[in-house]
Structure formats: C-alpha cells, structure tokens
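One structure below.
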Amino acid sequence: MFEQRKGWKGRSVWLLGALLAVSGCSKATESTEAPSGALAQRAEQGSSLGDLPLVEGASVARVFAQKLEQPTALEETAAVHVKLAPPANAELSESLVRVVGSTSDPVVLFRSDALAELGVIPQSPGPEFFTLFSQVTDEALDQRTQSEEALLSGAFGEVTRERILFNGRHPAARFEGLEFQAQAFRNGGMTLIDGCPAGPPSSQALWDKTLLLRSPQVVQDPTRTWDPCTNQGTRGGVWTFGHLMRQMATNAGPNVTPDRFVLKWLSTWLNDQTINGDVVPQRRQEMFDQVIRPWALASGGDAFLSNAGGQWQVGIAGELNLDIAPFRLLAIVNRIDLAGNTGGYGGTSTAGELRFVFGVTQPQFWGVPGGSEATCGLKPFTTIVEYGVPRVGCQQVIDYARQWADLGTHSSFDAAYLSKLETITQSVVLANKAPSKGNGSALNQLRTNEIALAPPGGKWELREFQLADEDPDAGTTTSSNGLLRPHTVALTPNDATHNTQVDPDVNHTVLNTVLPGLTSSPTIVPSACTSSFTVPHKVNGNPFLGGHAQVNPPTHWEAFAVDPSDAPQVCARKEFSGNTCNGCHFGDTALDGTNGNNAFMHISATSGIPAKPSKFLTGGGVGFMFSVPDTQFGAPVASWPFADLARRQQRLYQIASCSTCSRFFALDAGLLAHMEELAGVVPFDRIAGSVEEPSFKVGPIRDMETVKRLFESRASFAKEPRDLPLNFLRPPETFVH
C-alpha cells in the first residue's frame, strides 16, 4: 500500500510533454491501458483491493491538455486531447474527424495526429487521441491547484496516494495519483487532466456520511424523519415520504391533492397494465390488504374496492394521512457517480442523482406510542425515489460535490452535519426545482422492488414510474405534468415473452447493440469491460423492453451465440445482463441468491436500522472486493469483482477536488450539413442501440484538406460557450442501478 498521511505534499514535478519527447508518442499511447497480463488477473471472492496489480499512474490517463501557441479564431487557448473509445461504427475507425453526442448537439473532434501535421497544435499524444478546444483561464488553473493542495493538506482528512483504476464498475488495478501541473501547462507542456493526486482512503465512516446514509442518527433523526414503527419523530419532516410526495404533487393538476396523488399511484397495482406490449399482472388484493386499507384505517377512515366497467378502483372514506405514511426511511443515497456517464459522450455537465430508499411497513400499533421494530411488520418491499440533481455547469457540479465531501469532515452526525444535509436534500426535492420536468419536480423515476404483494408462489417484482408520457412506438419519453405513470423498466427485456437463455432478440441485442458499444480497448475479461449502449423499446420489430421485471426466475440474461473464448463477446453479454433489473438485483451481483444476506435488494428492507447493504456495494468490507462468477459461463471464464462504494467515493472526491472548469463552444447542427457538403459524409458515431437516425450519410473523413477546412469553419457555427470540466468527455459507461 502507498503511504497515508494528513499533510502529504507531492513529489517532484511530472511533465508529460518531456515523457513523450523521450519515449515517443506511439509507446506512450500503448501504455494508456494497464498491462493486459496484470489486468487479466481474477479477483477471488472477498479478495483485497491491495492485491490488484500495480501500474504507472501516467499509463491510465485518457485526457491531456496543452496550451496553444496562438489562440484559435474563437479565442480558444487550449487543446484538449481525449483517447476516445473505439467507434460503434467500425467504418469510422480510420476517420480523421469524429462527431459524438447527438445530431442536435454535436461534439466535433479532430484526430490529434492530423492537427499536429497541419500545425494547429504543437504536439499529438498519439494516434488514438482526438482533439477539441477550450478557453482555459488562469483563474481556473489556480482554482484547480488550490483545491488539490487543500485535499493533500488534509482538508477532507487523511489522504492516500493510492488510487484504484475502475473499469466501469470493476476494480482493475492500483496506481499512484499524480498532481495537476499548472505551470507545466502554462509552459506549453502536455499535461494530465483527468487525474487526482490523492483522496481519502475508503472507510465506513465516509461511506456513511457522504454516500450511503443509513445511520440511525440520519434515518431516525427526530426533527426530519418520522418512524411508523415507533411513532417517533416529526410528522411531515423534510426526509419523510410525505414531504417528498407533497413536493412532487405540486403542479399535478387542480384536483390532485397530495394524498390523491399517492393513492392514484398505489392504485396502479389494482388492475393489469399493458406497457410496451408487456402485460403487468395486478397485485390488487395484496396492495389493498397490506398497504391501502391499513393506511386508511390508521388515518381515521376506511377504504373499499369497487369495480366499474371491468376496472377496479379504490374508494376512501376520508383521506390518506401522508404524515403517517407506512414508508420507513432506510437510506439517503448520493449518486454523484452518475454525473454525465450514462448517455455516452456529450456536452453537458450534471451532478447525478439523489435517492431516498424507503421500506414499506404494516405496524401493529400504527401511530400509537410504544410501538417497536418487533411490531412494525417490516415488508420485503422497497420504494426508491430517484431525483436528477438540478445542477448544470462545471462549477455548480463541483460546488455540489464539495458539499457532500464537507459532510465527511464531521466527526459525528451532529446538528451542523444534519443541517447541511438538509440544505443539500431540500435543494433537490422541493417543488419547482426542475421547471422543465413533470410537475416541476426533479424526479427522474420512482422504482419499487418487492415480493410482499406477490400472490402465493409469486416472484419478486420491480416496477418503474415517471412524471412523463412514454411512447414505445416512437421510442420516446416526454416529461409532463400529472400523476406518476407506469414506465418500462430500464434496460430490461420483457421476461414473459423473451427467454432468458435462448431468445433471438436478446442474442441480437448483445451482439449488435452492446458489442459495438464496448469502450474498453482492448477488452480484457474481467478487468477491462465497459460498454455504452441503449436498449430500444423494440428489437427486430418485437416489443422488447418490459413493463416490469420479475426475479428468480429469471436471475440473469444469456446470449446463446456468444463465444466463451471471445473476450469482447463475454464482456458484452455481462454488460447487458448486469444492467437489467434481474441481473443487477440477483444473478450478476450475488452468489447463490445471496448478496451479503440481501436477496434481491442492495439495501435490505427487513434487516432493521441500520439497513444492511449488499456485498455488491461494500465489496465485502472496506478495502475488499466481492467477486461473482459469470452467470453464463461460470468462474472458469470470468469472475466479476465489485466494490461499488469505493468506486463512488473515489469519483466524489475526483469531482470535488480535481476538476478544472473551462469554456467549450457548443456547435450548431448546421456544421454537420456543412460537413456533408464538404466531404459527402458525416463521421457521426451514435451510441450503440440509439434510436436516433441521422438524416445525412455516415462515413469516414480521410482527406487532410477537408480536415483543415472543417477546423477553420467552426467559428461560423459556434454558439454560446458552456461551462464544462476539461475532462467532460469521459469514457461513457452504462449503468442506472
């Protein structure tokens, strides 16, 4: 292990430009991945992160910047060099220009070698790199330097120079963090941008305070929560289910009160629902008997079922009292690790998600003093409320990350800690925080995971709801005001019509959507395996995405044509299955149906307070990684290691302390039409599986004169610049769970 200390200062200046001058560009480029032999080592179940292979810090870098000798026509002062993933469209592999993002908001990059040959940039970091341009100020450089110095001097506590290379979710290697060299950049040197010299070592205390907040001092805070088990706390407090629903229901409609908003959502279980051709069977009696009627009775009224025209509905005598909702707070979850990483390359900077996890209860002494956890009726039923954090722009995202990092400096869950946490959560969940979204709420989606409502012999079921209208035929989801509406479950096939082992549509999706989207080059099982992809509503003309997901069976998804000796195919199958609800909540993240004693749940609803997390999250403990044999081919082919909280912690402090904000010019879509006029094609590399169909001919640009003319024409199509981190073009990753 590398040394850990509070006041650690960096080593001698590391100047990548000198390194490249000595070793040659091609050699440096070859080393941007850790050695394949080292990365191919499999992590055994419960093995230490310290057993990972050790590689050079410079070898894992993907983004460099260098100061231009002269500003561009747009007054850009820096070239930003990015090692892009291999294109999903293999025809573009030799193109001198790459267009990523979307056709309406394109990001245009030029092969670094070509620009160096044209004299536009002083030096290329290698043939796999592409370049775009930015305005970098001295103020931004100074801020980055100061924030790194603060980190190293102990602003967030003890630090370690050891960093973990995560390839997607999987820990792959260890390396020594490297400092940002602002002076080297000012002198024109090739400078590492996407690194971080150090960070706090992983600890349970940091996880509990900054990432997965499940301690009793938080989830049973007497001022901000109310516990239906004990009748303790503040009814309607800012972390209660009732508070979130009241904010979410604002703007839902003139006749939609918050209690009716919730009742209408619960009523979606009363009748069969058809979503993208998937018939989601009702769980009517169980929902009524276990949730709706007990809640109505505890509210001082009653409830009854009636049938009109073949549709069941519930009537309430009185109203549901949201202040005594049977939803017990289990955790507040910071998912800043999702910042800008689920949509492929693009020109936005976001702060990920904020989530609240509730467990459903049916207390014996509801609302009566003297109740306890033993009489609470804890159910295997979680409700997760997931908000898109309404922060846009580099500095806003950094400020948000620093708020979370600051929470980690508190020695206890004291009044100051709880007040700061409330400020963070209220800035996300209050009404009208996201005016362009449904009801003005920042909600992305609400998900449920339960077996409590299953009929005898039934299965675990996961559902998803949004404040949006979904059109499966068009493949679109459009935010709109109103009620929570059932939505297809993310990235997951209809398990009623698609066989999990021999389905041709699943096989087609793995080999024709996920496989072309692999972003690890080379793909090495199990340590270098990521893909950027979307799953369409329909595959081969058949409805594909499910309206719900059931588990055990199915436990995972297989692709019958995958060759177990072909690493990219094995990786693609795992990436597809592991991102489904079925795989993520069972087979691909657990052993023999258990995941740290959590079957089907990453945060247990029945273990009491504090709720137990899965080994997928903890790695089996601080400093460890939890490995799961490949669900199709078994451990002889691969075992996939996880330590997700360690990954999330590293990402949090990377954003908070090691980001450099700059201005990138957005480009009008008219540039693509101009590109087609000049070259006859546009080298647009859409995300694998995307439903977006470009109106132009897609193909490579190989002519240097065309590259020169396109570079010179950018100024004619420039829009307002955006505040983005210099490394905003991170390798895209797909995961939503």
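Values below: all heavy atoms of this structure, side chains included; hydrogens, waters and symmetry mates excluded.
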Less than 4.5 Å apart, side chain to side chain, heavy atoms only: is that true for [X] and [Y]?
X	Y	result
Phe129	Val82	no
Phe696	Thr103	yes
Met675	Leu710	yes
Leu141	Phe180	yes
Thr513	Pro516	no
His508	Asn540	yes
Val525	Trp640	yes
Asp337	Leu652	no

- Hey, mind stepping through Glu353 and Asn444 against side-chain contact (heavy atoms from CB on, under 4.5 Å) and telling me if it holds? CA-CA 8 Å; Glu353 289 190 343; Asn444 279 352; 2.8 Å; yes

Please name the pair of heavy atoms, one in [X] and one in [Y], separated by the smallest distance, quoted to 0.1 Å.
X	Y	result
Leu92	Pro87	C-CG, 3.9 Å
Val63	Leu726	CG1-O, 4.1 Å
Asn507	Phe560	OD1-N, 3.2 Å
His537	Asn276	O-ND2, 3.0 Å
Pro122	Leu68	CD-CD2, 4.4 Å
Glu558	Arg573	CA-CD, 3.9 Å

- Query: Yes or no on salt bridge (Lys or Arg N to Asp or Glu O under 4.0 Å) for Arg391 and Asp399, after CA distance, side-chain angles and deciding distance?
  - Reply: CA-CA 9 Å; Arg391 304 287 194 284; Asp399 291 344; over 6 Å; no

Exam field: side chain [X] to backbone [Y], donor-acceptor pair closer than 3.5 Å:
X	Y	answer
Asn187	Gly189	no
Thr77	Pro71	no
Gln135	Leu74	yes
Ser659	Ile655	yes
Lys437	Ala442	yes

Flag the pair [X] and [Y] as a salt bridge only when some basic side-chain nitrogen lies within less than 4.0 angstrom of an acidic carboxylate oxygen.
X	Y	answer
Lys574	Asp630	no
Arg714	Glu76	yes
Arg335	Glu386	no
Asp685	Arg98	yes
Lys538	Asp471	no

With no hydrogens and no angle check, just 3.5 Å: does a side-chain donor-acceptor pair link [X] and [Y]?
X	Y	answer
Thr131	Ser112	yes
Asp142	Thr145	no
Glu575	Asn579	no
Glu470	Thr488	yes

Measuring from [X]:[atom1] to [Y]:[atom2], what's the distance to the nearest 0.5 Å?
X	Y	atom1	atom2	value
Arg163	Leu178	CZ	CG	10.5 Å
Asp644	His170	CG	NE2	10.0 Å
Leu729	Leu132	CG	CG	5.5 Å
Gln445	Tyr387	CD	OH	11.5 Å
Trp557	Thr492	CH2	OG1	8.0 Å
Glu148	Gln181	CD	CD	8.5 Å

- Message: Could you go through Ser124 and Leu115, starting from their C-alpha distance and side-chain angles, then the distance that decides it, and tell me whether this counts as side-chain contact (heavy atoms from CB on, under 4.5 Å)?
- Response: CA-CA 8 Å; Ser124 167; Leu115 293 183; over 6 Å; no

Between [X] and [Y], does the ring centre distance come in under 6.0 Å?
X	Y	result
Phe717	His674	yes
Phe185	Phe64	no
Phe544	His498	yes

- Step-by-step side chain to side chain donor-acceptor pair (under 3.5 Å) determination, Thr519 to Ser532: CA-CA 7 Å; Thr519 58; Ser532 176; over 6 Å; no

- Residues Val698, Val681; criterion side-chain contact (heavy atoms from CB on, under 4.5 Å); working and verdict: CA-CA 5 Å; Val698 175; Val681 295; over 6 Å; no

- Passes salt bridge (Lys or Arg N to Asp or Glu O under 4.0 Å), Glu705 versus Arg709? Steps please. CA-CA 6 Å; Glu705 181 61 29; Arg709 294 176 66 183; 5.0 Å; no

- Message: Using a 6.0 Å distance limit plus a 45 degree cone around the ring axis, check whether Arg722 lies over the aromatic ring of Phe664.
- Response: no

- Message: Go through it in stages, so that I can follow the logic: the residues are Asp723 and Arg663, the test is salt bridge (Lys or Arg N to Asp or Glu O under 4.0 Å), and I'd like the CA-CA distance, side-chain angles, deciding distance and then a yes or no.
- Response: CA-CA 5 Å; Asp723 175 36; Arg663 285 155 55 96; over 6 Å; no

- Item | side-chain contact (heavy atoms from CB on, under 4.5 Å) between Cys661 and Leu724, intermediate numbers included | CA-CA 6 Å; Cys661 293; Leu724 296 170; over 6 Å; no

Tell me if the [atom1] atom of [X] is crowded by more than 12 foreign heavy atoms within 6.0 Å.
X	atom1	value
Glu91	CD	no
Lys719	NZ	yes
Gln183	CD	yes
Lys67	NZ	no

- Report the C-alpha distance between Ser102 and Asp105 in whole Å, list the side-chain angles of each, state the deciding distance to 0.1 Å, and finish with yes or no for side chain to side chain donor-acceptor pair (under 3.5 Å). CA-CA 5 Å; Ser102 67; Asp105 188 20; 5.1 Å; no

- Item | From CA spacing to verdict: side chain to side chain donor-acceptor pair (under 3.5 Å), Ser527, Asn167 | CA-CA 7 Å; Ser527 305; Asn167 198 283; over 6 Å; no

- Item | Verdict with reasoning, Arg144 to Asp194, per salt bridge (Lys or Arg N to Asp or Glu O under 4.0 Å) | CA-CA 12 Å; Arg144 168 74 177 267; Asp194 59 340; over 6 Å; no

